[in-house]
Amino acid sequence: MRSEKGITLISVIIYVIAMLVMISIITVLTSYFYKNIDINSVREDLNQQYTKFNSYFIEEVNRKGNKVLEIGETENSSGNGNQKYIIFSSRNQYTYIPENKGIYINTVKIAENITDCTFEKKEENGKMTISVTIKGDNFERTTTYTLVK
């Protein structure tokens, strides 16, 4: 009697089912992986924008004799929120414009994708401090700067 070795219909069905299970597992893992990469890239972008703003603002507050002339808000005609600004004696003005979701030094955009920014001035023990709160999507950071006399 001869041995009949070959692929039967049952073994083909088992192979197809096994391959479908493997493909579905790989699909679930890669979609989870790419979703987490997208979330991290958004956070990384906001951290970059905050760092860029922070480097300019630190340079501003560390200038000798630089003082805060005015902190305020101006009404926005588009209804997206008020523009918030701070003006220093060096004649540099930092402005948050909600329509563009950006922070500007005079007319140069230094940070983008910012949903809100506030400036607050306080005087404690003879030292002038400025608190800046920057908000983005799933991001909020408040930093207090001390002006150099």
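Only this structure's heavy atoms are used, side chains among them; waters, hydrogens and symmetry mates stay out.
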- Item | Residues Thr133, Lys135; criterion side-chain contact (heavy atoms from CB on, under 4.5 Å); working and verdict | CA-CA 7 Å; Thr133 303; Lys135 296 178 185 176; 4.2 Å; yes
- Run the side-chain contact (heavy atoms from CB on, under 4.5 Å) check on Arg141 and Asn47 step by step: do they pass? CA-CA 10 Å; Arg141 190 154 304 156; Asn47 279 329; 3.5 Å; yes
- Decide side-chain contact (heavy atoms from CB on, under 4.5 Å) for Thr118 and Lys84; before the verdict, give the C-alpha distance in whole Å, the side-chain angles of both, and the deciding distance to 0.1 Å. CA-CA 7 Å; Thr118 57; Lys84 299 168 187 165; 3.7 Å; yes
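The nearest pair of heavy atoms linking Asn113 to Leu46 is O-CD2, 3.2 Å. Taking all atoms of both residues into account, the shortest heavy-atom contact from Gln49 to Ala111 is OE1-CA, 3.2 Å. Heavy-atom minimum distance, Cys117 versus Val132: SG-CG1, 4.1 Å. The heavy-atom pair separating Phe88 from Leu147 by the smallest distance is CE2-CD2, 4.1 Å. Among all heavy-atom pairs drawn from Tyr85 and Glu70, the shortest one is OH-OE2, 2.6 Å. In plain terms, the two heavy atoms of Glu123 and Met128 that are nearest each other are OE1-CE, 3.6 Å.
No more than 12 heavy atoms of other residues, nucleotides or ligands shown are found within 6.0 angstrom of NZ on Lys127. Other residues, nucleotides and ligands contribute over 12 non-hydrogen atoms within 6.0 Å of the CD1 atom of Ile25.
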Could you tabulate the donor-acceptor pairs under 3.5 Å formed by side-chain atoms of residues 52-61, not counting sequence neighbours?
| residue | atom | partner | partner atom | Å |
| --- | --- | --- | --- | --- |
| Asn54 | OD1 | Tyr145 | OH | 2.5 |
| Ser55 | OG | Lys52 | O | 2.8 |
| Glu60 | OE1 | Asn92 | ND2 | 2.8 |
| Glu60 | OE1 | Tyr94 | OH | 3.3 |
| Glu60 | OE2 | Arg63 | NH1 | 3.4 |
| Glu60 | OE2 | Asn66 | ND2 | 2.8 |
| Glu60 | OE2 | Ser90 | OG | 2.4 |

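Atom OG1 of Thr142 is separated from atom CD of Glu120 by 9.0 Å, given to the nearest 0.5 angstrom. In this structure, the separation between OG1 on Thr129 and NZ on Lys121 is 10.0 Å, given to the nearest 0.5 Å. The line from CD of Glu73 to OG1 of Thr95 is 12.0 Å long, rounded to the nearest 0.5 Å. Note that CD1 of Ile71 and CD1 of Ile130 are 6.0 Å apart. Values are rounded to the nearest 0.5 Å. Taking CG of Asn82 as the reference point, atom CD1 of Ile97 lies at 12.5 Å (rounded to 0.5 Å).
There is no path of hydrophobic side-chain contacts, each under 4.5 Å, that joins Leu20 to Val28.
Residues Ile114 and Phe139 are not in side-chain contact: their nearest non-hydrogen atoms beyond the backbone lie 4.5 Å or more apart.
Residues Ser131 and Thr144 have side chains that bring a donor and an acceptor to within less than 3.5 angstrom of each other.
Under the rule for a ring pair (Phe, Tyr, Trp, His ring centres under 6.0 Å), Tyr15 has no partner lying at least two apart in sequence or in another chain. Here Leu69 pairs with Ile87, Ser89, Arg91 under the side chain to side chain contact (heavy atoms under 4.5 Å, CB included) rule; sequence neighbours left out.
No donor-acceptor pair under 3.5 Å is formed between the side chain of Tyr104 and the backbone N or O of Gln93.
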